[in-house]
Amino acid sequence: MIVDNYHKVQEELANIAKEGEREAAELIVVTKTQETHRVKPLLELGHKRFGENRVQEAKAKWPDLRETYSDLELHLIGPLQSNKAQEAVALFDCIQTVDREKIARAIAKEMDRQGLTPSLFVQVNTGEEPQKAGISPADSLEFVAWMKNDLDLKVRGLMCIPPADENPGPHFALLGKLANEAQVKDLSMGMSGDYGIAAKFGATHVRVGSSIFGPRA
Ligand SMILES: *Cc1c(COP(=O)(O)O)cnc(C)c1O
């Protein structure tokens, strides 16, 4: 089941890429709340790229798996508190949720201290929802420039989670436009409900959980 679903998602991404004559979006398999035995079939297949939204959960799950499965790429896709920056930098290959100065500074400091260089995305709150993480679109360009110039951090791309009750297309288009203006390359957008749309809007990374594992408990 899980493996079949995984192949279906990959196939859909490959078809969309073919139609659009572009490279397929990279699939980040979101394993939050999933127990290891449900993730293993995908590791056995050779899938390398996974996402978790909590530092503590990832810390409990992934160091052991990394000993068995090499070259894994682990993405932090949930909000990060600056007191967790040390653990996040140690654990993740990519941090997708940089959205304010304090957290950017904490990450920069830990990268320096630990000699590690996780890649970084800036999360943009494209719907400007008060309860949602992410920097506002209006502040995003200045923030990316500040990270580059003042902190000497390389920003790989932008990430967004559109409002649940809206057509996601305009949000994906906005994220693409901002990335272009900020001169960053990658776009992390699209989840189970809308990864096909995101891929058509040029997502380089989609984050998919329940379409592969089924609904979360
Ligand atoms: C949980 C989560 C996902 C995956 O959601 P599904 O709808 O299960 O595919 C993607 N992105 C973020 C930031 C998440 O927290």
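Not measured: the values here are computed from a predicted model. Whatever order the structure lists ligands and atoms in, that order sets their numbers, starting from 1.
When only non-hydrogen protein atoms are considered, atom 12 (C) of ligand 1 lies nearest to Ile77 CD1, 3.5 Å. From the protein, the heavy atom lying nearest to atom 5 (O) of ligand 1 is Met191 CE, 3.5 Å.
For ligand 1 and Arg207, the ligand atoms under 4.0 Å from any heavy atom of the residue are 4 (C), 9 (O), 10 (C), 11 (N), 12 (C), 13 (C). Numbered from 1 in the order shown, with element, the atoms of ligand 1 that lie under 4.0 Å from a heavy atom of Ile161 read 13 (C). Contact atoms of ligand 1 toward Val208: 9 (O) (distance under 4.0 Å to a heavy atom of the residue). Distances below 4.0 Å separate heavy atoms of Ser192 from the following atoms of ligand 1: 6 (P), 7 (O), 8 (O), 9 (O). Atoms of ligand 1 lying under 4.0 Å from at least one heavy atom of Ser210, given by number and element, are 6 (P), 7 (O), 8 (O), 9 (O).
Interatomic distance, OG of Ser82 versus CD1 of Ile107, reported as 9.5 Å (0.5 Å rounding). Here the CZ atom belonging to Phe50 is positioned 9.5 Å from the OH atom belonging to Tyr69, to the nearest 0.5 angstrom.
Considering backbone and side-chain N/O of Ser211, none are found under 3.5 Å from N/O of ligand 1. At a 3.5 angstrom cut-off on N or O pairs, Gly209 counts as close to ligand 1.
Ion pairing of Arg49 with Glu73 is present here, as a side-chain N (NZ or NE/NH1/NH2) and a carboxylate O approach within less than 4.0 Å. A salt bridge is absent between Lys8 and Glu12: the closest approach of a Lys/Arg side-chain nitrogen to an acidic carboxylate oxygen does not fall below 4.0 angstrom.
Under the 30°/60° scheme for interplanar angles, the aromatic rings of His205 and His75 are found to be tilted.
Within a 6.0 Å sphere centred on NZ of Lys109, heavy atoms belonging to other residues, nucleotides or ligands number 12 at most. Around CD of Gln131, the count of heavy atoms belonging to other residues, nucleotides or ligands within 6.0 Å exceeds 12.
Selection from Gln96, Met189, Gln123, Lys32 by nearest heavy atom to atom 14 (C) of ligand 1 gives Lys32.
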